[in-house]
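Worksheet for the structure shown next.
Whatever order the structure lists ligands and atoms in, that order sets their numbers, starting from 1. Bear in mind that the values here come from a model prediction, so they are computed numbers and not experimental data.
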Amino acid sequence: MKILLIGSGGREHALAWKIVQSSRVTKLYCAPGNPGTALLGENIAIAAEDSAGLKDFALKQRIDLTVVGPETPLTLGLVDEFEAAGLKIFGPSRAAAQLEGSKQFAKKIMHKYKIPTAKYEVFDDAQKALEHVYMSRFPVVIKADGLAAGKGVTVAASLVEAKRAINAALKDKIFGAAGARIIIEEFLAGEEASILAFCDGAHFVPLAPAQDHKAVYDGDKGPNTGGMGAYSPAPVVTDEVLRQVRETVFQPLLDGLAREGTPYRGILYAGLMLTADGPRVVEFNCRFGDPETQAVLPRLQTDIIDIFEACLAGKLDTQKIDWTSAAAVCVVLAADGYPGTYEKGREIAGVENAAALPETYVFQAGTARQDGKLVTAGGRVLGVTALGADIRTAIKNAYKAAELISFPGLHKRKDIGQKALARLQ
Ligand code: AMP
Ligand code: GLY
C-alpha cells in the first residue's frame with residue numbers, strides 16, 4: 001500500500017514511525033513532513049492546507065490511504081474533497097471536524113445530546129462580554145471560538161485578567177477571525193485527562209489513556225503550550241472514569257452526530273476535567289494529540305493500517321486493538337521562550353545517541369536540515385519517548401535519553417510523569 005501522511009510535527013513523525021511498521025505498507029509519502037519523517041519515507045513539498053495540491057498528488061501517485069495529522073486541513077474539508085475524488089482518507093469530514101473548529105458548535109452539540117460540559121455564554125461584543133464577567137464568579141474561562149493553536153484560552157482569576165482577555169480577542173483581534181467570537185464559561189476544578197478514541201461513525205474504541213502537560217514550566221506553572229510532555233497509561237483514568245466517559249461522552253456524541261447526518265470517522269479526542277461531580281468535557285479535538293501520540297503509539301501492538309481501514313469500513317467492532325503493558329513517557333525539548341518568541345536555527349546534537357538507547361525514540365517536531373546539520377526550526381523541537389516496565393522506569397529512561405541531546409536555549413520540564421507517580425502512591 002502507498003500511504004500519504006499529512007502534517008509536519010512530532011505527532012506526524014510518530015505516526016510515520018508506526019505506519020512504516022505495517023507489513024502492508026510499501027511506500028510512505030509525507031506532506032510536507034520534517035527531517036524525522038524523511039528518515040522513514042519521502043517528504044513532498046506540499047503544504048498541509050493545500051487541498052488541491054494534495055488531492056492532485058494522491059490521484060497521480062494512486063495513494064491507497066491518506067492519514068491526516070493536524071486539524072486545519074480537516075476543518076477546511078480535506079476529507080470531503082478526497083472522498084469526492086474517490087480517494088480513501090482517515091479523518092472526520094468538515095462538518096464533523098467543527099467539533100474542534102468551532103467551540104460554539106461543540107457546545108451546541110453537547111447541549112443537545114446532554115454531554116456534560118461547563119456552562120457557557122457566547123459573545124461577539126466586548127461590552128456585553130464585560131458585563132457578563134462583572135456578574136460572574138471567578139475564575140472564569142475565556143476562549144476564542146475558532147482555532148488558535150492551543151493559545152486561545154485564558155483562565156482569568158480576576159476582573160483585570162478577564163478584561164484583558166476579552167479586549168485582546170474582540171477589540172485587538174489577536175486571534176484574527178478565530179477570536180471574533182468568544183465563549184465565556186464556568187471554571188471546572190479537577191484533574192485533566194485526555195481520552196482519545198478511534199471512531200468508525202457508529203463504533204468507537206478508546207486508545208490507551210494519556211496525560212499531557214500543557215504549562216511551560218514545572219509544577220504546571222507559566223503559560224499554556226501545545227504540550228510539554230505526556231505519559232501513558234494515565235492512572236487518573238481508572239476503569240470507572242473510562243466507563244463514565246464511554247457512556248456519557250463518546251456513545252451519545254457518536255449517536256448524536258450520526259443522527260445529525262455527520263457521522264464521525266477518525267480520531268476523536270476528548271479533553272476532560274475530572275471533577276467531583278464526574279467527568280466534564282473541556283474541549284474536543286478532531287485528531288491525534290501532540291505530544292500524546294508520541295507516548296501512546298509506542299505502546300500500540302496492532303498494525304495501525306488495519307485499524308485505519310476498520311474505521312473506514314465501519315468495522316471497528318470486530319477489530320482487535322492491543323497495547324503493551326509497558327509505560328511510555330515523552331519529554332518535549334523546546335526552545336527557550338516558547339510559547340512566546342524564540343530563536344531558530346540552533347544546531348542540535350545528540351539525537352542519534354539518544355535514539356540508540358533501547359526502546360527509546362526521538363520524534364522530531366520543530367527541526368530543519370541546514371547544510372546537512374539538524375537545527376531547531378520551531379518552539380517544540382523534539383519529543384523524546386522511552387518505554388519502561390512502569391511509569392517510574394519510563395520517566396527515568398526518557399530523561400536519561402533527553403540528557404544526551406543538546407542545543408543552545410534548550411528548555412524542558414523536569415517533572416513529566418510526576419503526577420502519575422503521585423497518584424500511584
Ligand atoms: P482548551 O483549549 O479548551 O483545551 O483549553 C486549554 C486549557 O485551558 C485546558 O487544558 C484547561 O487546562 C484549561 N481550561 C479550559 N476550559 C476550562 C474550564 N472550563 N475550567 C478549567 N480549566 C479550563
Ligand atoms: N496536546 C494537546 C493537543 O494535542 O491538543
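The two residues Ser232 and Arg299 have their closest heavy-atom pair at OG-NH1, 2.8 Å.
Residue-to-ligand polar distances keep Phe288 apart from ligand 2: every N/O pair is separated by 3.5 Å or more. Taking any N or O of Asp212, backbone or side chain, at least one lies under 3.5 Å from an N or O belonging to ligand 2. For Leu188, a nitrogen or oxygen atom sits less than 3.5 Å from a nitrogen or oxygen atom of ligand 1, counting backbone and side chain alike. Below 3.5 Å of separation, one finds no N or O of Arg11 facing any N or O of ligand 2.
Within the structure, ligand 1 has Lys103 among the residues with a heavy atom less than 4.0 angstrom away. Residue contacts with ligand 2: Gly227 is excluded, as none of its non-hydrogen atoms falls under 4.0 Å.
Here the shortest heavy-atom distance to atom 11 (C) of ligand 1, taken over Glu192, Glu100, Glu185, Met273, belongs to Glu192. Considering Lys214, Glu186, Lys143 only, the shortest heavy-atom separation from atom 3 (O) of ligand 1 involves Lys143.
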**Study point:** salt bridge (Lys or Arg N to Asp or Glu O under 4.0 Å) between Arg413 and Asp415, worked out
**Key:** CA-CA 6 Å; Arg413 279 183 62 159; Asp415 64 346; 2.9 Å; yes
Exercise for review: Kindly indicate, with the supporting measurements, whether the criterion side-chain contact (heavy atoms from CB on, under 4.5 Å) is fulfilled by Leu196 and Val296.
Suggested key: CA-CA 10 Å; Leu196 288 80; Val296 165; over 6 Å; no
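Only the side chain of Arg287 comes within 4.0 Å of ligand 2, judged by heavy-atom distances.
At distances below 3.5 Å, not a single donor-acceptor pair connects side-chain atoms of Ser194 with backbone N or O atoms of Gly271. A donor-acceptor pair is defined here as one N or O able to donate and one able to accept, closer than 3.5 Å; such a pair exists between the side chain of Thr360 and the backbone of Pro358.
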